[in-house]
Amino acid sequence: MKATYLVGEKEYFKNIGKIPFEGRESDNPLAFRWYDEDSIVAGKPLKEHFRFAVAYWHTLGSTGADPFGRATLQYPWMAATDPLQQAKDKMDAAFEFITKLGVPFYCFHDYDLIEEGEDLITSARRMEMISDYALEKQAASGVQLLWGTANLFSHPRYMNGAATNPDLKVVAWAAAQVRQALDTTIKLGGKNYVFWGGREGYMSLLNTQMKKEIDHLARFLHMAKDYARAQGFTGNFFIEPKPMEPTKHQYDFDAATVIGFLREYDLMEDFKLNVEVNHATLAQHTFQHELQVAADANLLGSMDANRGDYQNGWDTDQFPNNLYELTEAMLVLLQTRGFQGGGINFDAKLRRNSIDLDDLFHAHIGGMDAFARALITADRLLHESPYREKLAARYRSFDSAEGRAFESGQMSLEALAQLAHTWGEPVPESGKQEWFENLINRYL
Ligand code: XLS
Ligand code: NI
Ligand code: NI
């Protein structure tokens, strides 16, 4: 990223400059204490491990509205009533924020960039205009697009789903929107393209032919992939699992479900997973479980960082700050091959009463520092602590000749059973869970 940052005609975040790294002794809340982007951990700079991205919809577009009350956030870049002017102001603010924060990527839904028009042609013209502007902004700042996507869930036409809608007319409209979002992503050099199945699911099985809808979803994904590949797109496609909300049952329930779906419909070559913390916990999994499931299938593409509320279980999209949870997640990341093509997108939003512009900085700085500290801790756990040794020791019996024969399929059930007779009753061995748990706190 270039050292100078872009400030549009207006400067939105006045009195805030480029966020510096000041180290652990600093008590400046607008500085990084752990995230020193060029410092090398586990063989590469922190910025390459994380590939942080700002989520356009939350960071620039949040209003603070909730089902009980109207907007509390009146961001100055949303003030213009003309949609073209508003989109340009929003983008000026976005690039000012992203470059001051020092994040290398951003992510968007099509109509986060500019308000949808009253028909497809108007929308296409608007997307053309704002993506030209984004191209200029990207070139001037060095900020890149981690992924693009299409919003196939907000407009009322999608209330019964998009690709899984029982009405082909809606499916066709979704195709028009996805084609346009793919074109925009490709034009902006996007590294990846995301499908989060917004309303791809059902509210009641009574009015739903589930098999038909899931077949349609797979067909739609094949079409989108074929189109993008024909346009020269070489990036990854990501599916973002989520078990519920907005529908009662989302088809992309969790990582294991999505992996089964990709396998069944022959999509494994092109699609990987974008794992989100709060979606994992909604599915009653831990975040690290979902990462491990994706990584074990060689399908860990990217991550949406946030956290839920552990008391009410909702998808509250709070900024990540739980060091213990993040350290466990970074242990998975470091012990597997890391992200394939993706990075860490802050799919997180401010609380409705966090109304100051600097709150956006505090939120992201805190999240980035928490990830940096977690990664540094996980790396030390792997290299300075007895963690790896102790974990491997639990499985050491499989290093024997018999263990290797078992693992490589060279042993019958009779031969395995015979070993029980030879070896006798096994002596129980402790799982040492508390020992493992304490180790993390010791290194944090
Ligand atoms: C919603 C999702 C959404 C996707 C992008 O819960 O997290 O924000 O990341 O469509
Ligand atoms: Ni989400
Ligand atoms: Ni998300």
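Atoms within each ligand, like the ligands themselves, are counted from 1 in listed order.
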Problem - Contacts of E384 that satisfy salt bridge (Lys or Arg N to Asp or Glu O under 4.0 Å) - sequence neighbours left out - result: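 Once residues adjacent in sequence are excluded, the partners of E384 under the salt bridge (Lys or Arg N to Asp or Glu O under 4.0 Å) criterion are R380.
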
Exercise for the section: Drop me the distance from N274's CG to F237's CZ, to the nearest 0.5 angstrom. Expected result: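 N274 CG to F237 CZ: 14.5 Å, rounded to 0.5 Å.
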
Problem - Interatomic distance, F195 atom CZ to I239 atom CD1 [nearest 0.5 angstrom] - result: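 Separation between the atoms: 7.0 Å.
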
For ligand 1, which atoms sit closer than 4.0 Å to a heavy atom of [X]?
| X | result |
| --- | --- |
| K242 | 1 (C), 6 (O) |
| D315 | 6 (O) |
| H109 | 5 (C), 10 (O) |

Exercise for the section: Please say whether E276 places an N or O atom under 3.5 Å from an N or O atom belonging to ligand 1. Expected result: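 N/O-N/O distance below 3.5 Å exists for this pair.
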
Practice task
Using distance alone, determine whether D304 and ligand 1 share an N or O pair under 3.5 Å.
Solution key: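 By distance alone, the answer is yes.
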
Problem - Contact check, side chains of W34 and F21, non-hydrogen atoms, under 4.5 Å - result: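 Sidechains of F21 and W34: no contact.
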
Practice task
Could you walk me through whether Y106 and F108 pass the ring-ring contact (aromatic ring centres under 6.0 Å, His included) test, one step at a time?
Solution key: CA-CA 7 Å; Y106 70 119; F108 59 71; 5.8 Å; yes

Handout entry: Polar contact flag, side-chain donor to acceptor under 3.5 angstrom, E116-N151
Key =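 No donor-acceptor contact under 3.5 Å links the two side chains.
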
Problem - Distance-only side-chain donor-acceptor flag, H362 / D359, under 3.5 Å - result: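 Checked: H362/D359 side chains show no N/O donor-acceptor pair below 3.5 Å.
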
Exercise for the section: Distance to 0.1 Å, residue and atom name: give those for the protein heavy atom nearest to atom 8 (O) of ligand 1. Expected result: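 Here the closest protein heavy atom is D347 OD2, 2.9 Å.
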
Handout entry: Nearest non-hydrogen protein atom, atom 2 (C) of ligand 1
Key =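 Of every protein heavy atom, E240 OE2, 3.2 Å lies nearest to atom 2 (C) of ligand 1.
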
Problem - Metal site the Ni ion (ligand 2), protein N/O/S atoms found under 2.8 Å - result: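 Every protein N, O or S atom under 2.8 Å from the Ni ion (ligand 2) counted, the figure is 2.
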
Donor-acceptor contacts under 3.5 Å from residues 67-80 side chains, at least two apart:
residue : atom : partner : partner atom : Å
T72     : OG1  : R352    : O            : 2.6
W77     : NE1  : L60     : O            : 2.8

Practice task
Applying side chain to side chain donor-acceptor pair (under 3.5 Å), name anything that partners N165, two or more places apart in sequence or on another chain.
Solution key: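 Once residues adjacent in sequence are excluded, N165 has no partner under the side chain to side chain donor-acceptor pair (under 3.5 Å) criterion.
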
Handout entry: L145 versus C107, closest heavy-atom pair with distance
Key =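 It is CD1-CA, 4.2 Å.
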
Handout entry: Any E245 heavy atom less than 4.0 Å to ligand 1
Key =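 Judged by the 4.0 Å heavy-atom criterion, E245 does not count as contacting ligand 1.
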
